[in-house]
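Quick note: residue numbers are just sequence positions, from 1.
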Amino acid sequence: MAKTALAQVAASLSKYSTATGTTGNFALITSSIVTGEDGKDYTFTIVYSVDAAYSAYMAISEDGKTCKVSAPNTVTGGTDQKCKIHASAQYNSTEYGSQDFNILVKAVTKYALKDVYSLSSGSVSFNAIVTGFYGTNYQLMVGDGDYGMTLYQFTAYDGIAVGDYVNVSGTVSPYSGLIELKPATVTKIAAADAPELVTPTTLAITATSTPTIVTNMASRWTSIADGLVTSVAGSDGANLTIKVKVGTAVYTVFENSTYCAAADYATFKQTRSGATAASLIAVNDVISVEGWSSFYTDPQLVGAKITKWTEGVAPSDTPITIANLANVGWKADTSYSLQGFVTGYYSGIGTPKNGMFISDGAYGLDVYGYTGDCSAFTVGTCVTVVGVPTIFNGLIEFTANKISVTATTDITAKAAVTAELGGITGLSNSDVSRPVHVTGIVSKTGTENNKGTAPVAGTANMNVTLSIGAGESINAYLPKWFDATVYNSFAALADGDEVELTGWLANYKSKAATWDADLHSGVQVVSPTIVKTTAAASIAKITPTMTIAGAVAAAKGVAVDTIGFYQGAYLTNMYQGIFLGDGTSSIVTYKGAAFPIGMKAGTPLHVVGASAPFNGLPELDISAGSIAVLPAALVADTVVAPTVNTTVSAALASGDLNHQFTITDAVIKTISKAVVANKTDGSYVVTIGTQDVTLFVKKSALEDSVYTTLASVAVGGKLSFTAFGGQYVSNSVATYQLVAPQALTYTPAA
């Protein structure tokens, strides 16, 4: 029977004799019940001992229930030790059998907790003090002085509690900026076995101490004293993201409703003056809060609780326009009030919808983090939004604390303008979040996880790449949780299909923390909806109803429906004109409202309007017409690239009107009138070769660089630029000119 009792011991110890061995203490079986031949149960006491030869690595605890392991650790790893443990099977204090069992004590590199922060991978072992738990059997927090560590998917023995001394072993596993151990084995040890440990400290954030939380400051208990709440995102019962300002520093508190303690979550609701029920804390409240310093790319506090709350005064909101917001005319963590017209929602976010898009004229904004239901504000409604601007991966978002319908008499915002998307070269960040209309050719369909299989809603994000304008590409982005009907319509697209869609422009520059002028690397169309699809096999190239040459020759008032290639424009006010050409013929538009954005030279444009020559200059009045962008692949081969001139004929012949000229080193002969931006037009006579030509510069509608350069020019200097042929007729006398200069550079006289 003793052999049977020892066999049970062998089963429990066998795992420590394998190559994996043990690096920490392990529990021992101290009794074994064996049924004898007489049918009775006999309880054997198992008594353990360790031979002196192995005493440096193993010892039996006083109660006989634990084998205490001292792994041969050094900073370089040490050498594994083959040891034995002796087990004696006793009945009524008499030994009836015994056996030695092999135990492999593994050596691992011996670290202090702070040393782990110098690693990015590998197995480690260190001693620490338990500081707390985050979630049920989810994360254990340990510390040593000014350092902490998060143990993810840990295995705890012997009823680990806060304040216990433990040995920790596991694999270093960084996750979104947070250094974790995963999985981690935790073994309780005596304080005397770890005399090097220092009682963990609290990271205290106060008005006089506002440290920037860096990686090696993570997983520590942290307190924020008297911080000003600047934004609250999330709803009661869901995850919360709170911004708290102390001095000039701002800290993020993230309260996960699943993993935090219910009592801690409840502290984020307080009963306000005049109320009978508790509600979420609000902007301008002052709070003291404690939690664990952590990271999710950026630093944050998790598992937090509010220890002190002072009701704030209603925010004094600074009025701002979406245009000023887009141009970063704002301060971080400041509450603003603005107006805009609702243009739509991010389809698929769910109900209630916590975000929407609004626009003011040609400027758009992504409103995010609203605690109510944004779909309560119907598309086309003008709203006033109070909130705080932030930047997320290169996109300006506005965390809304309050949204209300704006009375008609109070509306100052302009009706939203849906833009024709011509390409991405000419886009700026001012175009982000505005509604766009896109016509493109599918150049890459969506695939699921790059496996070449059709994407399935709910399982994989999808990008469909479209060729637009002059051969540029843009992605239509659909996250996996997107509206399934719309998602499936994009999943069904094939290469070469023509697609007409609507959506909103967004900028997603991975990990961009600032408002970057380079929109193009992350531009995409979000929340897209297909308006029309034409299968690749059915696509027919478009031939213009009237050529550009015909439009140039048309009498005043004649209807014009033509196609030409974009050459340039009065860039900041396209109402003044867009120049388009076809071979040797060119014309300029006049008036209009919804102009294409993002165009580069060579973008095909379908223009509908009426012939409206002015002072002998061929023009198209599009005030009652339209400009639409076409992908290059849709335009008939009969429409060809416009001619570009590099010299001027005598007095700019009438055939040169609206043609593009690229001029190098034209000598300034006279300055009839210097241009002053937004005040007076300018007139400069320049000599090109042997010809003198007037360069006319409007006081507005050109890029700032043009006015800045011309402010410093002098007679005798040289100008290089691109411009277009024009004329001005007065008393039947025609003065031929170059107009709408772009890319202008100046070289002073030697």
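Counting non-hydrogen atoms of neighbouring residues, nucleotides and ligands closer than 6.0 angstrom, the OH atom of Y746 exceeds 12 such neighbours. Surrounding NZ of K541 are more than 12 heavy atoms belonging to other residues, nucleotides or ligands, all under 6.0 Å away. Remark: E703 CD is loosely packed, at most 12 non-hydrogen atoms of other residues, nucleotides or ligands lying under 6.0 Å away. Enclosure of atom NZ in K600 by more than 12 non-hydrogen atoms of other residues, nucleotides or ligands within 6.0 angstrom is indicated.
Y336 is listed as a side-chain neighbour of F398, based on a closest heavy-atom distance under 4.5 Å. No side-chain heavy atom of V639 sits under 4.5 Å from any side-chain heavy atom of P604. N324 places none of its side-chain heavy atoms less than 4.5 Å from the side chain of W330. Within the 4.5 Å cutoff, side-chain heavy atoms of L395 are placed close to those of S433. In this structure, L365 and V385 have side chains that are not in contact, with every pair of non-hydrogen atoms separated by 4.5 Å or more. Here the side chains of V486 and P528 are not in contact, with every heavy-atom distance at 4.5 Å or above. Side chains of V526 and F357 form a contact here, defined as non-hydrogen atoms less than 4.5 Å apart. Under the 4.5 Å side-chain criterion, counting only non-hydrogen atoms from C-beta, T735 is not in contact with S730.
Distance CG/N463 to OH/Y477: 7.0 Å, rounded to 0.5 Å. For the atom pair CG (L580) and OG1 (T589), the distance works out to 7.0 Å, reported to the nearest 0.5 Å. Distance check, rounded to the nearest 0.5 Å: OG1 of T709 to CG of D704 gives 10.5 Å. For the atom pair T439 OG1 and H606 NE2, the distance stands at 11.5 Å (nearest 0.5 Å). To the nearest 0.5 Å, atom CG of residue L738 and atom CZ of residue F696 are 12.5 Å apart. Note that the CE atom of M356 and the OG1 atom of T381 stand 9.0 Å from one another [nearest 0.5 Å].
For I548 against D582, the heavy-atom pair with the smallest separation is CG1-CB, 3.6 Å. The two atoms that bring A551 and L620 nearest to each other are CB-CD2, 4.3 Å, heavy atoms only. Pairing each heavy atom of L605 with each of Y566, the nearest pair is CD1-CB, 3.9 Å. Across every non-hydrogen atom of I441 and P631, the tightest pair is CG1-CB, 4.0 Å. Shown here for L325 and P389, the closest heavy-atom pair between the two residues is CD1-CB, 3.8 Å. Among all heavy-atom pairs drawn from T543 and A636, the shortest one is OG1-CB, 3.6 Å.
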Intermediate values then yes/no, ring pair (Phe, Tyr, Trp, His ring centres under 6.0 Å), Y590 and Y575: CA-CA 6 Å; Y590 180 59; Y575 177 93; 5.5 Å; yes
Derivation of the side-chain hydrogen bond (donor to acceptor under 3.5 Å, both in side chains) call for S443 and T465: CA-CA 6 Å; S443 59; T465 305; 4.9 Å; no
Steps toward side-chain contact (heavy atoms from CB on, under 4.5 Å) verdict (I597, V436): CA-CA 9 Å; I597 59 173; V436 290; 4.2 Å; yes
Residues D681, V675; criterion side-chain contact (heavy atoms from CB on, under 4.5 Å); working and verdict: CA-CA 5 Å; D681 296 334; V675 67; 5.7 Å; no
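In the model, T502 has no side-chain atom that pairs as donor or acceptor with a side-chain atom of T529 under 3.5 Å. Using a 3.5 Å distance cut-off with no hydrogens or angles, the side chains of Q567 and H659 do not pair a donor with an acceptor. For the residue pair S586/Q660, the side-chain donor-acceptor check at 3.5 Å is not satisfied.
In this structure, the side chain of T662 does not engage the main chain of T646 through any donor-acceptor pair within 3.5 Å. At distances below 3.5 Å, not a single donor-acceptor pair connects side-chain atoms of Q576 with backbone N or O atoms of L702. Side chain of S611 to backbone of A554: a donor-acceptor contact under 3.5 angstrom is found. Checking side-chain atoms of T384 against main-chain N and O of S337 turns up no donor-acceptor pair under 3.5 Å. Remark: the backbone N or O of S623 is paired with a side-chain donor or acceptor of D621 at under 3.5 angstrom. Checked by atom type and distance alone, the side chain of Q742 pairs as donor or acceptor with a backbone atom of A569 at under 3.5 Å.
Taking the six-membered ring where the residue is Trp, F724 and F579 present parallel rings, their angle staying beneath 30° rather than reaching 60°.
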